[in-house]
*Asks:* 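Sending over a structure as structure tokens; questions will come in a sec.
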Amino acid sequence: MTDPLLSVQGLEKHFPVTKGLFQRQVGAVKAVDGVSFDVFKGETLGVVGESGCGKTTTGRLITRLIEPSGGKVVFEGHDITHMSQGKIRPLRRDMQMIFQDPYSSLNPRHTVGAIVGAPFRIQGVKTEHGVKKAVQDILALVGLNPEHYNRYPHEFSGGQRQRIGIARTLALKPKLIIADEPVSALDVSIQAQVVNLLEDLQSELDLTYVVIAHDLSVVRHISDRVAVMYLGKIVELADRKDLYESPMHPYTTALLSAVPIPDPKRRAGRERIRLQGDVPSPLNPPPACRFHTRCWKVQEICKIEEPPLLQLAPGHQVACHFPENTPAAPDAMPAAAAQT
Amino acid sequence: MTEHFLDVKNLQIHFPTDDGLVRSVDGLSFQLERGKTLGIVGESGSGKSVTSLGILGLHKGGRAKISGEIWLDGEELVSAGAEHVRKLRGKKMAMIFQDPLSAMHPYYTVGDQIIEAYRIHHKVAKKVARKHAVDLLGRVGIPQPDKRVDSYPHEFSGGMRQRAMIAMALSCDPTLLIADEPTTALDVTVQAQILDLMRDLQRDFDAALIIITHDLGVVAELADDILVMYGGKAIEYGTAEDIFERPEHPYTWGLLGSMPRLDREPTERLLPIKGSPPSLINVPAGCAFHPRCVFEGRTGGKANTEVPELAETEGGHLVRCHLPREERRAIWANEIKPNLESA
């Protein structure tokens, strides 16, 4: 097997909770608590989960926008977990991020030309026909009018702004793009445009994506593999088809059955798994299996022992004591061993 | 007079601004009976929220210019005085907002806010009202309602807050309930809980429900009838089956093509609508949708000169489009539907 482009091993981020005059630490929000996965060149990994599950934090840890508390991030063979800012800067060219909100992620006082041209300036990249030409080429590539080079973000609609954000991301021809909720702030018809654009760019420029989103249908549409997160942990990781057609973790099953289906005829006949209550606070997550408070298959062992993430079928990892849809002869082996 | 429970006739809500007149709602008509649910679907700026606020009379006293008629249970609301509508609000009609954190007062307990609403419309002692509030909180599925009634909004989770808001809206047994994006701020598992709750409550209260959303999945779950809005106008109106099984407006086709669907084999490509929604100051001449419409060329040049009528195509299914009915049906059956279903 080829080496992964990005390898995340046991990644952790604990945000301290402090109290009182001396900022005494009284606890920690374990936003990401031991997450491991690999991303291979040219594929799209989708990361789904409800709010507070740590998906956004994971994205920011990979790009080192925040410092990990533990674990390792390996990008193209370089361990970037504790690399200094000076050393990581050249690597940032290959690893870029698309943000959710096209309104707050663009500086309102900069022109489009300045925004999309910034990566060239910061990285000191020389272009053949000047930065302006390069920026205009990228604007055309993402479907914007190159003549709008001197306009400001407020002159554009939400969908166009997201295209500006994508143009900036693409400026230096990165290898890996982390997209954090790239379409959730957009109207339905615009969402589809941006999803198609991301797919076109991937095949044209040979990009690798990690797409973080809460919308299960969008994730299914664009991903090759999907990771489901719950309270800072990956509970299931599989190929798209396996995950959506034969989910093993009860949480995945419940998530899928909760998605409203745009078909009024199905309304009556649909069997639904109803989860009770909300996601528990990550400040004080339930012990052992974190899903046991909402799981309908819960047994005593779920409250005592934490289920490890095991590979139960080829390429299908799940962390559950009582997985569903398991193949007939389960020869379970630890996920880590399975990868080597 | 009218025989419908809610009858909106040619409603127009315009806002004069420095940049020009914003025609947020421009000639909207629909009917709704008790026990039925109407879904209003549209993108941002299509006028769906302004419509709901208009029905509740929340534009009165503002700068909005409102005309047309809104008949609720035999009473006309557009010409009624602001004070009169204020008395109906909460009692006869109520609203569930999108974001319960900003819709509730952070300084008062959830119970106090429900009690206040109830006591404005009912002359009862505080204790009686409090009992009522506890009952309601229990009814919408909040555990330990007798304790939680004294909690502040920030002590509730997102889903619980939305439940509390529904309890507040129901406090005076309204017969018309308007929910504006009631689940947009919620996670998908909680959204499913709230949709179930709203369906149950509507049946129990026999209320007329208007649900406003951009999510076609949510309307398909709840609505009997669906109104698709674009640029302040209704462009298609029919039963849920009409809209999902035999839509006839190119915009509705575009919405359906833009959505990846979990219940079908994944398609290679989404089929989005080109361009972006129009500004309401400068709605395109003729059919508002024509700059984005793929079939604009087949209308014989009428698309950008004439505003199409909202005309009946069959059994209460209304469509605002220049294309002849037969042609629309042929396009749907031959060009659109197969693409939506192909694997």
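Order of the sequence lines sets the chain letters (A, B, ...), proteins ahead of strands, with each chain counted from 1.
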*Asks:* Counting C-beta onward and ignoring hydrogens, is there a side-chain heavy-atom pair between A:R294 and B:T189 closer than 4.5 Å?
*Replies:*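 In short, these two side chains touch, coming nearer than 4.5 Å.
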
*Asks:* Given a strict heavy-atom distance threshold of 4.5 Å, which part of A:E50 is in contact with chain B: side chain, backbone, both, or neither?
*Replies:* both

*Asks:* Do you know the tightest heavy-atom contact between A:P262 and B:F244?
*Replies:*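 Closest approach of A:P262 to B:F244, heavy atoms only: O-CD2, 3.4 Å.
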
*Asks:* Between A:Y244 and B:L262, is there a side-chain heavy-atom distance shorter than 4.5 Å?
*Replies:*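 Of all side-chain heavy-atom pairs linking A:Y244 with B:L262, at least one is under 4.5 Å.
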
*Asks:* I'd like to know which of B:L195, B:D196, B:L255, B:V218 tops the heavy-atom pair count under 4.5 Å against chain A.
*Replies:* B:D196

*Asks:* In terms of heavy-atom contacts, does NZ of A:K297 have more than 12 from other residues, nucleotides or ligands at under 6.0 Å?
*Replies:* yes

*Asks:* How long is the straight-line distance from CG of B:L270 back to CG of A:L197, given to the nearest 0.5 Å?
*Replies:* 12.0 Å

*Asks:* Check whether A:V188 gets within reach of chain B through its side chain, its backbone, both or neither, counting any heavy atom under 4.5 Å.
*Replies:*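 A:V188 touches chain B through backbone and side-chain heavy atoms alike.
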
*Asks:* Would you mind checking which part of A:S157 comes under 4.5 Å of any heavy atom in chain B, side chain (CB onward), backbone (N, CA, C, O), both or neither?
*Replies:* side chain

*Asks:* For chain A, which candidate among B:T183, B:V188, B:V190 shows the most heavy-atom pairs at distances under 4.5 Å?
*Replies:* B:V188

*Asks:* Specify the closest pair of heavy atoms between A:D187 and B:P277, including all atoms of both residues, with the distance to one decimal.
*Replies:* OD2-CG, 4.1 Å

*Asks:* Say whether A:Q160 and B:S276, considering side chains only, have a donor N or O and an acceptor N or O under 3.5 Å apart.
*Replies:* no

*Asks:* I'd like to verify something: which residue of A:E199, A:R274, A:R220 has the highest number of heavy-atom pairs under 4.5 Å with chain B?
*Replies:* A:R220

*Asks:* Should A:S217 and B:R261 count as side-chain neighbours, where that means a heavy-atom distance under 4.5 Å?
*Replies:* no

*Asks:* Could you tell me which of A:D263, A:V218, A:V195, A:L255 has the largest number of non-hydrogen atom pairs under 4.5 Å with chain B?
*Replies:* A:D263

*Asks:* Quick check: are there more than 12 heavy atoms from other residues, nucleotides or ligands sitting under 6.0 Å from NZ of B:K274?
*Replies:*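 Check passes, neighbour count above 12.
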
*Asks:* For A:I261 and B:E221, which heavy atoms make the closest approach, and how far apart are they?
*Replies:*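 Closest approach of A:I261 to B:E221, heavy atoms only: N-OE2, 3.4 Å.
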
*Asks:* Side chain, backbone, both or neither: which part of B:E43 has an atom under 4.5 Å from a heavy atom of chain A?
*Replies:*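 Contact with chain A is through both the backbone and side chain of B:E43.
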
*Asks:* Quick one: of B:A192, B:G158, B:A220, B:S279, who has the most non-hydrogen atom pairs under 4.5 Å with chain A?
*Replies:* B:A220

*Asks:* Under a 4.5 Å cut-off applied to non-hydrogen side-chain atoms, are A:S189 and B:P272 in contact?
*Replies:* no

*Asks:* Spell out, as yes or no, whether a donor-acceptor pair under 3.5 Å connects the side chain of A:Q191 to the backbone of B:S258.
*Replies:*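 The answer is no, because no donor-acceptor pair under 3.5 Å joins these two groups.
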
*Asks:* For B:R269, is there an ion pair with A:D200 - N to carboxylate O distance below 4.0 angstrom?
*Replies:*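 Salt bridge between A:D200 and B:R269, a charged N being under 4.0 Å from a carboxylate O: yes.
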
*Asks:* Taking the side chain from A:Q193 and the backbone from B:G275, do they hold a donor-acceptor pair closer than 3.5 Å?
*Replies:* yes

